[in-house]
Amino acid sequence: MVREARREDLDAVLNLYLCLHETSVPEPTEHLSAVWEQILSDENHHLIVCEVDGEIVSSCVCVIIPNLTRNVRPYAFVENVVTHSAHRGKGYATRCLDWARAVAESRNCYKMMLLTGSKEQKTLDLYARAGYNCTDKTAFVQWL
């Protein structure tokens with residue numbers, strides 16, 4: 001089942017992120033709680049999860065960004081696409097990306113963007129099958 005994250009999903013999402021690039025789960029602090037509440041209450045921030053047998057096995061984030069160009073249409077940015085290593089290859093990330101696309105379409109976005117640090121062909125193929133291409137734009141990242 002694909003859905004938007006709920007308040008009680010924080011621990012499961014943080015543990016899933018260990019399969020992304022995190023090396024530990026953050027300590028439960030007031031700052032963590034405040035950020036979680038901010039994410040949940042922001043109508044432009046969609047943390048999408050795929051749940052199988054009560055376990056969150058895949059997720060992505062879709063942020064809708066207001067915009068003054070393209071006839072004042074927003075665009076969507078997709079980030080933190082992850083599937084638990086024991087559940088890969090079953091279409092769960094695709095379901096999350098499909099949900100993100102539906103969110104973007106419902107908000108009249110003119111485009112969606114996704115960045116990946118992965119060089120794995122399976123991952124790149126997943127994004128291509130989901131409708132993303134790597135030829136229209138050039139991405140630059142500045143780490144802070």
Side-chain angles (χ1 to χ4, degrees), residues 1-70 72-120 122-134 137-144:
M1 168 179 66
V2 178
R3 60 176 173 78
E4 299 249 358
R6 298 186 291 245
R7 187 160 277 104
E8 62 270 17
D9 294 330
L10 176 59
D11 289 339
V13 168
L14 292 175
N15 279 297
L16 179 62
Y17 284 171
L18 292 173
C19 295
L20 185 61
H21 49 65
E22 296 301 309
T23 57
S24 65
V25 173
E27 293 296 320
T29 62
E30 286 184 32
H31 178 65
L32 175 63
S33 295
V35 169
W36 183 239
E37 287 302 318
Q38 181 181 4
I39 288 169
L40 293 175
S41 64
D42 184 345
E43 69 177 14
N44 288 321
H45 196 131
H46 302 268
L47 201 158
I48 300 157
V49 299
C50 181
E51 184 178 9
V52 176
D53 297 328
E55 178 186 1
I56 293 176
V57 299
S58 189
S59 180
C60 74
V61 171
C62 178
V63 178
I64 308 300
I65 302 169
N67 181 41
L68 295 174
T69 66
R70 302 290 180 148
V72 196
R73 292 177 64 195
Y75 56 94
F77 188 79
V78 174
E79 184 63 89
N80 295 337
V81 180
V82 60
T83 300
H84 190 283
S85 56
H87 296 275
R88 291 185 181 149
K90 299 176 182 172
Y92 300 136
T94 298
R95 291 181 196 171
C96 290
L97 292 171
D98 289 346
W99 185 286
R101 182 183 178 106
V103 168
E105 288 174 338
S106 75
R107 297 290 299 275
N108 196 33
C109 291
Y110 78 93
K111 72 176 177 183
M112 296 181 74
M113 295 186 297
L114 180 151
L115 295 176
T116 183
S118 178
K119 306 293 186 230
E120 290 187 37
K122 286 176 66 173
T123 302
L124 303 177
D125 291 344
L126 162 72
Y127 298 143
R129 283 192 311 275
Y132 296 88
N133 74 70
C134 59
K137 297 274 185 174
T138 301
F140 291 87
V141 175
Q142 183 179 51
W143 298 100
L144 304 175

For a quick test of your reading: what N or O donor-acceptor pairs under 3.5 Å do the side chains of residues 137-144 make, sequence neighbours left out?
none

Notebook entry, point to check: Which ring pair (Phe, Tyr, Trp, His ring centres under 6.0 Å) pairs, counting each pair once, include a residue from residues 8-46, with sequence neighbours left out?
Noted result: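 For residues 8-46: none.
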
Notebook entry, point to check: Pairs in or reaching into residues 75-111: which pass ring pair (Phe, Tyr, Trp, His ring centres under 6.0 Å), with residues at least two apart or in two chains?
Noted result: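 Ring pair (Phe, Tyr, Trp, His ring centres under 6.0 Å) check on residues 75-111 returns His84-His87.
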
Closest heavy-atom contact between [X] and [Y]?
X: Leu97; Y: Ala130; answer: CD1-CB, 3.9 Å
X: Cys19; Y: Ser85; answer: SG-N, 3.9 Å
X: Ala93; Y: Leu126; answer: CB-CD2, 4.0 Å
X: Leu124; Y: Thr116; answer: CD2-CG2, 3.9 Å

Notebook entry, point to check: Residues two or more places apart in sequence or in another chain: which of them pass side-chain contact (heavy atoms from CB on, under 4.5 Å) with Ala76?
Noted result: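 Checked Ala76 against side-chain contact (heavy atoms from CB on, under 4.5 Å); matches are Cys62, Ile64, Ala104, Cys109, Met112.
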
Checklist line | Ser24 side, atom OG; Asn15 side, atom CG - distance, nearest 0.5 Å | finding: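 It is 10.5 Å, given to the nearest 0.5 Å.
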
Notebook entry, point to check: What distance separates Cys60 SG from Leu47 CG, expressed to the nearest 0.5 Å?
Noted result: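 With rounding to 0.5 Å, SG (Cys60) is 8.0 Å from CG (Leu47).
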
Heavy-atom side-chain contact between [X] and [Y] under 4.5 Å:
X: Leu16; Y: Val49; value: no
X: Leu10; Y: Val13; value: no
X: Leu14; Y: Leu32; value: yes

Checklist line | Test salt bridge (Lys or Arg N to Asp or Glu O under 4.0 Å) applied to Arg73 - qualifying residues, sequence neighbours left out | finding: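 With sequence neighbours excluded, Arg73 shows a salt bridge (Lys or Arg N to Asp or Glu O under 4.0 Å) to no residue whatsoever.
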
Check: Which pairs pass salt bridge (Lys or Arg N to Asp or Glu O under 4.0 Å) with one or both residues in residues 87-103, sequence neighbours excluded?
Finding: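 Passing the test, one end in residues 87-103: Arg101-Glu105.
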
Check: Under the salt bridge (Lys or Arg N to Asp or Glu O under 4.0 Å) rule, what pairs show up with a residue in residues 6-27, not counting sequence neighbours?
Finding: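 For residues 6-27, and leaving out neighbouring residues, the salt bridge (Lys or Arg N to Asp or Glu O under 4.0 Å) pairs sorted by first residue read Arg3-Asp9, Arg6-Glu8, Arg7-Glu37.
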
Next item on the list: Output every pair passing side chain to side chain donor-acceptor pair (under 3.5 Å) with a member in residues 52-65, not counting sequence neighbours, ordered by first then second residue.
Entry: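 Every pair satisfying side chain to side chain donor-acceptor pair (under 3.5 Å) with a residue in residues 52-65: Ser58-Thr83.
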
[X]: what forms a side chain to side chain donor-acceptor pair (under 3.5 Å) with it, not counting sequence neighbours?
X: Thr69; result: Asn67
X: Glu120; result: none
X: Asn44; result: Arg107

